[in-house]
Amino acid sequence: QVQLVESGGRLVQPGSSLSISCTASGLRFNLYTMGWFRQVPGKDREFLVTKSYRDGRENYAESVRGRFTISRDNSKNTVYLQMNNLQPEDTGIYSCAASGRSRAMSSYEYEHWGQGTQVTVSS
């Protein structure tokens, strides 16, 4: 049974930084591209960033490019998202996902999903 478990989400002030993580089990982590998405009420799930299992290439959504950074530690089966200069519009449920494709930019390309962790940016 594949499991992806996110952690680290919390309430933070605008302008602050936060790192969240996702640990996988039940799959060969080094053969899966990993991605981060977020979702808010009334909107579709939004792609944030992905990191290929094959060549390590990263692709960022324009809304987070330059502020967010993805990384992965295959020895720990864990992917991270470092978020800087957070703003209220970054509030949402952040989910990690795993894809067998070497490049995956859309929700439908991901096979496995975590439950999500809530990030709230507010004064």
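What you see is a predicted model; the values in this text were computed from it and never measured. Note that these values count all heavy atoms, side chains included, but never hydrogens, waters or copies made by symmetry.
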Mind checking the [atom1]-[atom2] spacing from [X] to [Y]? Nearest 0.5 Å is all I need.
X: M34; Y: L81; atom1: CE; atom2: CG; answer: 11.5 Å
X: Q82; Y: S19; atom1: CD; atom2: OG; answer: 5.0 Å
X: L48; Y: M83; atom1: CG; atom2: CE; answer: 9.0 Å
X: S25; Y: L4; atom1: OG; atom2: CG; answer: 7.5 Å
X: N30; Y: S75; atom1: CG; atom2: OG; answer: 11.0 Å
X: E46; Y: Y94; atom1: CD; atom2: OH; answer: 8.0 Å

State, without any angle test, whether [X] and [Y] hold a side-chain donor-acceptor pair at a distance under 3.5 Å.
X: T78; Y: T23; answer: yes
X: S21; Y: S7; answer: yes
X: E58; Y: Y60; answer: yes
X: Q118; Y: T120; answer: yes
X: N74; Y: R72; answer: yes

Is there side-chain contact between [X] and [Y], with at least one heavy-atom pair below 4.5 Å?
X: E6; Y: I20; value: no
X: V79; Y: S71; value: no
X: L27; Y: Y32; value: yes
X: Y80; Y: D73; value: yes
X: Y53; Y: S99; value: no
X: S123; Y: P14; value: yes
X: T50; Y: Y110; value: yes

Group every Ile, Leu, Val, Met, Phe, Trp and Tyr by side-chain heavy-atom contacts under 4.5 Å, then state whether V49 and V121 land in the same group.
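Both belong to a single hydrophobic cluster.
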Treating Ile, Leu, Val, Met, Phe, Trp and Tyr as nodes and any side-chain heavy-atom pair under 4.5 angstrom as an edge, say whether V64 and M105 lie in one connected cluster.
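No.
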Item to check | Aromatic contact, F47 with W36 (centres under 6.0 Å) | outcome: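 Between F47 and W36, the centre distance exceeds or equals 6.0 Å.
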inquiry  = Among T91, D90, N85, exactly one meets side chain to side chain donor-acceptor pair (under 3.5 Å) together with Q87. Which residue is that?
reply    =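 When side chain to side chain donor-acceptor pair (under 3.5 Å) is applied between Q87 and each of T91, D90, N85, only N85 qualifies.
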How about [atom1] on [X], more than 12 heavy atoms from neighbouring residues, nucleotides or ligands closer than 6.0 Å, or not?
X: R65; atom1: CZ; value: yes
X: D55; atom1: CG; value: yes
X: R67; atom1: CZ; value: yes

Q.
With side chain to side chain contact (heavy atoms under 4.5 Å, CB included) as the criterion, how do V2 and H112 come out once you've worked through the C-alpha distance, each side chain's angles and the decisive distance to 0.1 Å?
A. CA-CA 7 Å; V2 173; H112 307 293; 3.7 Å; yes
Main-chain N/O of [Y] paired to [X] side chain as donor or acceptor, under 3.5 Å:
X: S106; Y: Y108; answer: no
X: S52; Y: R103; answer: no
X: E109; Y: R101; answer: no

Determine the minimum heavy-atom distance between [X] and [Y], stating which atoms define it.
X: R45; Y: S107; result: CD-OG, 3.9 Å
X: S63; Y: R38; result: OG-NH2, 3.9 Å
X: W113; Y: S95; result: CE3-CB, 4.2 Å

